[in-house]
Amino acid sequence: MSNKVRVRFAPSPTGGLHLGGVRTVLYNYLFARHHGGDFVLRIEDTDQSRYVAGAEQYIYDCLEWCGLSPDESPLKGGPYGPYRQSERKELYRKYAEQLVAQGNAYYAFDTPEELEQMRSSLKTDTNPTPQYDSKTRMQMRNSLTIDEAEVKELLDKGTAHVIRIKMPAGETISFTDMIRGEISNSSDLVDDKVLLKADGMPTYHLAVVVDDYLMKITHAFRGEEWLPSAPVHILLWRYLGWQDAMPQWAHLPLILKPDGHGKLSKRDGQRLGFPVFAMRWKDAATEEVLDGFKEQGFLPEAFINILAMLGWNDTTEQEVFSLDELVQKFTIDRVHKGGAKFDYDKAKWYNHQYIMKKTDAELLPLVKPFMEEHGVQIADDYLLRVIALVKERCHLLTDFWLQGHFFFIEPPTMDIEAIKGKWNEQKQAFFAGWVQQLDTVAEWTAHTLEDNFNQHATDAGLKKGELMLPLRIMLVGGKYGPGVFDIAEMIGKEAVGKRVNVVLAQL
RNA sequence: GCCGCGUUGGUCAAGGGGUUAAGACGCCUCCCUUUCACGGAGGAAUCACGGGUUCGAUUCCCGUACGUGGUACCA
């Protein structure tokens with residue numbers, strides 16, 4: 001019996017992979033690697049009504065982009081498969097029946113309507129959500145209230161039923177969370193959760209326990225939203241006789257909306273203008289497409305770094321960590337208890353750090369697709385020079401186009417007003433004349449061009465300072481970008497002449 | 001409603017019985033730059049509240065408030 005660390009990420013394939021989900025993956029991954037353990041991907045597809053085509057493949061794609069690929073998964077296989085819960089369906093019934101036989105669970109025959117009726121009839125102001133629990137179960141139709149022969153008959157007839165856990169009365173159930181320490185709950189406050197559904201599929205509660213056991217999971221990370229049902233899981237480990245093999249729990253804090261209240265949702269991203277998913281997700285039903293951090297121009301290293309720091313730090317002032325460094329330094333005791341609001345500005349700052357860390361050559365293949373989206377074909381050596389010139393002003397990969405499109409196309413918008421203010425005949429004449437003599441410039445470099453420009457300004461009795469901004473606007477379209485003469489050198493004599501004349505005609 | 005969990009500047013956060021309470025993002029000012037950005041120098045801004053314990057609490061304890069999660073045949 002080895003005690004090798006084994007962790008798992010267990011998403012339901014129901015849609016886009018959310019920031020919080022990726023962070024859960026990341027902490028799992030870091031913990032596993034830090035301890036030389038295994039990282040397992042298990043697909044929790046027990047809710048057939050929520051099945052979404054393509055969602056599973058999408059998860060693999062996201063993990064790969066993030067560089068957090070699992071050691072075992074439905075795709076990769078492994079010694080504890082299958083890794084898709086729908087394919088493990090037959091396994092679970094046995095354990096549910098075992099619990100019934102032991103008296104820790106029971107059959108329930110109540111229809112959805114009957115449940116609804118119970119809830120609405122028992123509902124009061126002080127108890128708005130009546131539960132199926134020790135107080136109400138004896139009024140319901142289950143193997144606790146129906147005599148044995150009749151239960152057998154119902155079962156034999158194939159009557160629809162579920163199996164529910166029989167929560168004990170008056171017990172305090174406690175466990176130690178790696179992040180939060182000792183946590184206690186009263187068994188009276190938890191309802192008799194359904195373990196096995198009418199369709200024969202397990203619920204999360206049963207499946208997570210059975211699979212974590214069978215897959216020899218040693219440490220279980222999950223979101224804080226699971227804390228209230230943890231007592232059910234603890235009890236299940238105990239009732240099934242596996243208590244000694246129970247993993248250590250760690251309930252991760254939530255990632256919250258930057259403004260307002262509540263946990264971050266995909267709607268917030270749309271509302272506030274930032275992605276929430278790792279990669280683009282297209283909802284097949286609604287045709288709705290939501291871009292992810294990838295499409296928004298984030299580097300996966302930066303994305304990972306951002307997530308790592310949202311709820312964890314190593315006590316030093318260091319904020320930029322490579323994956324390897326994170327693996328080396330990550331410990332759960334440094335994970336926060338409180339939720340963190342997501343800050344998109346800081347996220348962009350991180351990405352900028354990574355853009356600056358990369359060489360121009362490394363950036364080239366990353367930037368290129370984002371440029372080609374705009375329909376331009378660019379030679380690599382030319383793009384390389386553009387990258388060198390604009391990278392310091394790019395926070396996102398998408399910014400390279402915003403900051404450098406004028407290297408490839410004529411400015412689509414022109415801040416003509418910025419020139420008009422102090423414009424006069426003399427300047428008009430100056431630019432017209434300057435453009436005409438461009439052929440005489442000895443060599444087409446930023447340096448000689450600038451000398452040439454200065455000379456002409458002096459000859460015309462104008463100050464260079466009054467002319468620089470107009471020239472920039474003519475070439476770029478706005479008040480931004482690298483040095484004007486660097487730009488002029490790059491785009492060439494013809495383009496400079498053309499752009500200047502186009503603007504001159506408008507003044 | 002009930003139950004769980006949480007709470008250091010606007011945000012991420014270090015710290016943890018005695019500190020000028022780090023650092024980063026963002027914001028503001030200045031320098032560099034005849035643009036923007038990068039870089040540099042500054043600045044404003046924080047221990048939710050009330051009781052204890054203590055010579056001394058941001059730090060420990062208890063309340064309150066607030067936030068957040070759960071309260072499904074969803075995960």
**Q** Using only side-chain N and O atoms of A:Asn313, determine if any of them is under 4.0 Å from OP1 or OP2 of B:rA13.
**A**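 No, A:Asn313 has no side-chain N/O under 4.0 Å of OP1/OP2 on B:rA13.
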
**Q** Give one of base, sugar-phosphate or nothing for A:His251, where a contact means two heavy atoms less than 4.0 Å apart.
**A**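 Result for A:His251 = nothing.
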
**Q** Quote, to the nearest angstrom, the C1' distance that separates B:rA37 from B:rC31.
**A**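 15 Å, rounded to whole Å.
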
**Q** Run the side chain to side chain contact (heavy atoms under 4.5 Å, CB included) check on A:Lys193 and A:Thr203 step by step: do they pass?
**A** CA-CA 9 Å; A:Lys193 293 274 183 227; A:Thr203 58; 5.9 Å; no

**Q** What's the CG-C1' distance between A:Leu256 and B:rU7, to the nearest Å?
**A**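 Rounded to the whole Å, the gap is 12 Å.
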
**Q** Of the nucleotides B:rC73, B:rC5, B:rG1, which one has an atom closest to the side chain of A:Glu224?
**A**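 Of the options given, the side chain of A:Glu224 lies nearest B:rC5.
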
**Q** Side chain of A:Asn185 only, heavy atoms from C-beta on: which candidate in B:rC73, B:rC3, B:rC38 is closest?
**A**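 For the A:Asn185 side chain, the nearest candidate turns out to be B:rC3.
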
**Q** Using a 3.5 Å distance criterion without hydrogens, assess whether the side chain of A:Lys266 forms a donor-acceptor pair with backbone atoms of A:Pro275.
**A**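 Here the side-chain-to-backbone pair does not exist.
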
**Q** Is the distance from OP1 or OP2 of B:rG39 to the nearest side-chain N or O of A:Arg393 less than 4.0 Å?
**A**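 Checking B:rG39 against A:Arg393, no side-chain N or O comes under 4.0 Å of OP1 or OP2.
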
**Q** Taking A:Arg334 for its side chain and A:Asn313 for its backbone only, find out whether a donor-acceptor pair lies under 3.5 Å.
**A**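 It does hold such a pair.
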
**Q** Please give me every residue in residues 460-480 of chain A whose heavy atoms get under 4.0 Å of an atom in RNA chain B, ordered by residue number.
**A**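 The stretch gives A:Lys464, A:Gly465, A:Met468, A:Arg472, A:Lys479, A:Tyr480 as the residues lying under 4.0 Å from the strand, ordered by number.
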
**Q** Measure from the side-chain heavy atoms of A:His352 and tell me the nearest of B:rC2, B:rC25, B:rC38.
**A**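 Out of B:rC2, B:rC25, B:rC38, the nucleotide with an atom closest to A:His352's side chain is B:rC38.
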
**Q** Write out the stems for RNA chain B, ordered by first number and formatted as range with range, counting runs of at least 3 consecutive Watson-Crick or G-U wobble pairs under 3.5 Å.
**A**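 Output for stems: B:1-7 with B:65-71, B:10-12 with B:23-25, B:27-31 with B:39-43, B:48-52 with B:60-64.
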
**Q** When you compare B:rU54 with B:rC61, how far apart are their P atoms, in angstrom units rounded to a whole number?
**A**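 Rounded to whole Å, the distance is 16 Å.
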
**Q** So, under a plain 3.5 Å distance rule, would you say the side chain of A:Lys346 forms a donor-acceptor pair with the base of B:rA24?
**A**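 Answer is yes: a donor-acceptor pair is held.
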
**Q** With heavy atoms under 4.0 Å as the rule, sort A:Arg334 into base, sugar-phosphate or nothing.
**A**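 Sugar-phosphate contact only.
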
**Q** Heavy atoms under 4.0 Å, any strand shown: does A:Ser12 hit a base, just sugar-phosphate, or nothing?
**A**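 Contact class for A:Ser12: sugar-phosphate only.
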
**Q** A:Leu272 has an atom CG; how far is it from atom P of B:rU11, in whole Å?
**A**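 Those two atoms, CG and P, are 14 Å apart.
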
**Q** Which label fits A:His161 and A:Phe109: parallel for a plane angle under 30°, tilted from 30 to 60°, or perpendicular past 60°?
**A**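 Because their plane-to-plane angle lies in the 30° to 60° range, the rings of A:His161 and A:Phe109 count as tilted.
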
**Q** Between B:rG39 and B:rA44, how far apart are the two C1' atoms, rounded to whole Å?
**A**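 To the nearest whole Å, 22 Å.
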
**Q** Select one nucleotide: of B:rC38, B:rC73, B:rG6, the one nearest the side-chain heavy atoms of A:Arg180.
**A**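 The closest nucleotide is B:rG6.
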
**Q** Counting any heavy atom closer than 4.0 Å, what does A:Pro482 reach on the DNA or RNA strands: base, sugar-phosphate only, or nothing?
**A**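 Base contact.
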
**Q** Tell me what A:Gly311 touches on the nucleic acid: a base, only sugar-phosphate, or nothing, going by heavy atoms under 4.0 Å.
**A**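 Counting heavy atoms under 4.0 Å across all strands, the contact made by A:Gly311 is with sugar-phosphate only.
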
**Q** How far does the C1' atom of B:rU46 sit from the matching atom of B:rU53, given to the nearest Å?
**A**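 Here B:rU46 and B:rU53 have their C1' atoms 26 Å from each other.
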
**Q** Which is true for A:Gly338 with a 4.0 Å heavy-atom rule: it touches a base, it touches only sugar-phosphate, or it touches nothing?
**A**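 If one applies the 4.0 Å heavy-atom cut-off, A:Gly338 turns out to touch the sugar-phosphate alone, with no base involved.
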
**Q** What is the ring orientation for A:Tyr213 with A:Trp237, classed by angle as parallel under 30°, tilted 30 to 60°, or perpendicular over 60°?
**A**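 Perpendicular, since the angle between the ring planes exceeds 60°.
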
**Q** Say you pick atom P in B:rA13 and the same atom in B:rC25; how far apart are they, in whole Å?
**A**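 Result for the P pair: 16 Å, nearest Å.
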
**Q** As a test of reading the structure: which of B:rA75, B:rA22, B:rA13 is closest to the side chain of A:Glu44, going by heavy atoms?
**A**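 Output: B:rA75.
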
**Q** Look at all strands and tell whether A:Leu310 reaches a base, only sugar-phosphate, or nothing, counting heavy atoms closer than 4.0 Å.
**A**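 Sugar-phosphate, no base atom in range.
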
**Q** Side chain of A:Glu225 only, heavy atoms from C-beta on: which candidate in B:rU11, B:rG69, B:rA13 is closest?
**A**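 So the nucleotide nearest the side chain must be B:rG69.
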
**Q** Ring centroid separation for A:Trp226 and A:Tyr204, is it under 6.0 angstrom?
**A**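 Yes: the rings meet the under 6.0 Å criterion.
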
**Q** Verify the contact: side-chain N or O of A:His395 to OP1 or OP2 of B:rC36, cut-off strictly under 4.0 Å; return yes or no.
**A**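 So the side chain of A:His395 is outside the cut-off, no N or O lying under 4.0 Å from OP1 or OP2 of B:rC36.
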
**Q** Report yes if at least one side-chain N or O of A:Ser229 is closer than 4.0 Å to OP1 or OP2 of B:rU71; otherwise report no.
**A**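 So the side-chain polar atoms of A:Ser229 never come under 4.0 Å of the phosphate oxygens OP1 or OP2 of B:rU71.
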
**Q** Which listed nucleotide (B:rC73, B:rA13, B:rC5) is nearest to the side chain of A:Ala198?
**A**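 From the listed options, B:rC73 comes nearest.
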
**Q** Less than 4.0 Å between a side-chain N and a carboxylate O, is that true for A:Glu44 and A:Arg84?
**A**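 A salt bridge is absent here (no side-chain N lies under 4.0 Å from a carboxylate O).
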
**Q** Figure out the CG/P separation between A:Leu206 and B:rC74, and round it to whole Å.
**A**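 Those two atoms, CG and P, are 13 Å apart.
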
**Q** Which nucleotide wins on minimum distance to the side chain of A:Lys197, given the candidates B:rC73, B:rG6, B:rC38?
**A**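 The answer is B:rC73.
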
**Q** Without decimals, in angstroms, what is the distance between A:Asp486 CG and B:rC38 P?
**A**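 Those two atoms, CG and P, are 18 Å apart.
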
**Q** A:Leu189 CG to B:rG69 P: how many Å, rounded?
**A**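 Spelled out: CG on A:Leu189 to P on B:rG69 is 19 Å.
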
**Q** Tell me the interatomic distance from A:Phe400, atom CZ, to B:rC38, atom P, rounded to whole angstroms.
**A**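 Value for this atom pair: 13 Å.
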
**Q** Toward the 5' end of RNA chain B, which comes first, A:Gln403 or A:Asp345, by nearest nucleotide?
**A**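 The answer here is A:Asp345.
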
**Q** May I ask you to decide if the ring planes of A:Tyr480 and A:His405 are parallel, tilted or perpendicular, using 30° and 60° as cut-offs?
**A**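 Judged by the thresholds at 30° and 60°, the geometry between A:Tyr480 and A:His405 is tilted.
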
**Q** Taking only the C1' atom of each, what is the distance from B:rG50 to B:rU11 in whole angstrom?
**A**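 Nearest-Å result for B:rG50 against B:rU11 at atom C1': 28 Å.
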
**Q** Using a heavy-atom cut-off of under 4.0 Å over every strand shown, decide if A:Thr14 touches base, sugar-phosphate, or nothing.
**A**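 No contact.
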
**Q** Quick one: A:Leu252 CG to B:rG70 P, roughly how many Å, whole number?
**A**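 Rounded to whole Å, this separation is 15 Å.
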
**Q** Specify the separation, in whole Å, of atom NZ of A:Lys337 and atom C1' of B:rA14.
**A**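 Going from NZ in A:Lys337 over to C1' in B:rA14 covers 15 Å.
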
**Q** For this output row, return yes or no: ring centroids of A:Phe303 and A:Phe298 closer than 6.0 angstrom.
**A**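 Ring centroids of A:Phe303 and A:Phe298 are no less than 6.0 Å from each other.
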
**Q** Step through it carefully: locate the ring centre of A:Tyr27, locate the ring centre of A:Phe330, and say whether they are under 6.0 Å apart.
**A**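 Centroid distance A:Tyr27-A:Phe330: below 6.0 Å, so yes.
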
**Q** Provide the distance between the two C1' atoms, one in B:rC12 and one in B:rA65, to the nearest whole Å.
**A**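 After rounding to an integer number of Å, I get 24 Å for this pair.
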
**Q** Measure from the side-chain heavy atoms of A:Leu227 and tell me the nearest of B:rG70, B:rG4, B:rA72.
**A**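 Ranking B:rG70, B:rG4, B:rA72 by closest atom to the A:Leu227 side chain puts B:rG4 first.
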
**Q** Is any NZ, NE, NH1 or NH2 atom of the basic residue among A:Asp399 and A:Arg393 found under 4.0 Å from an Asp or Glu carboxylate oxygen of the other?
**A**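 Not counted as a salt bridge, because no side-chain N and carboxylate O are separated by less than 4.0 Å.
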
**Q** Considering only NZ, NE, NH1 and NH2 on the basic side and carboxylate oxygens on the acidic side, decide whether A:Asp191 and A:Arg164 come within less than 4.0 Å.
**A**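 Salt bridge between A:Asp191 and A:Arg164, a charged N being under 4.0 Å from a carboxylate O: no.
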
**Q** Can you tell me how far apart CG (A:Asp314) and OG1 (A:Thr316) are? Round to the nearest 0.5 Å.
**A**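 These two atoms lie 3.5 Å from each other.
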
**Q** Please classify the nucleic acid contact of A:Lys263 as base, sugar-phosphate, or nothing, using heavy-atom distances under 4.0 Å.
**A**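 Counting heavy atoms under 4.0 Å across all strands, the contact made by A:Lys263 is with sugar-phosphate only.
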
**Q** Could you work out the separation of B:rU58 and B:rA22 based on their C1' atoms and round it to a whole Å?
**A**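 That atom pair is separated by 15 Å.
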
**Q** Can you tell me which nucleotide in B:rU11, B:rA75, B:rG23 comes closest to the side chain of A:Glu319?
**A**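 Selected nucleotide (nearest to the side chain): B:rG23.
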
**Q** Should the ring pair A:Phe293 and A:Phe342 be called parallel, tilted or perpendicular, given that the plane angle runs from 0 to 90° and is split at 30 and 60?
**A**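 Perpendicular, since the angle between the ring planes exceeds 60°.
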
**Q** Check every strand shown and say whether A:Asp188 touches a base, only sugar-phosphate, or nothing at a heavy-atom separation below 4.0 Å.
**A**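 No contact.
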
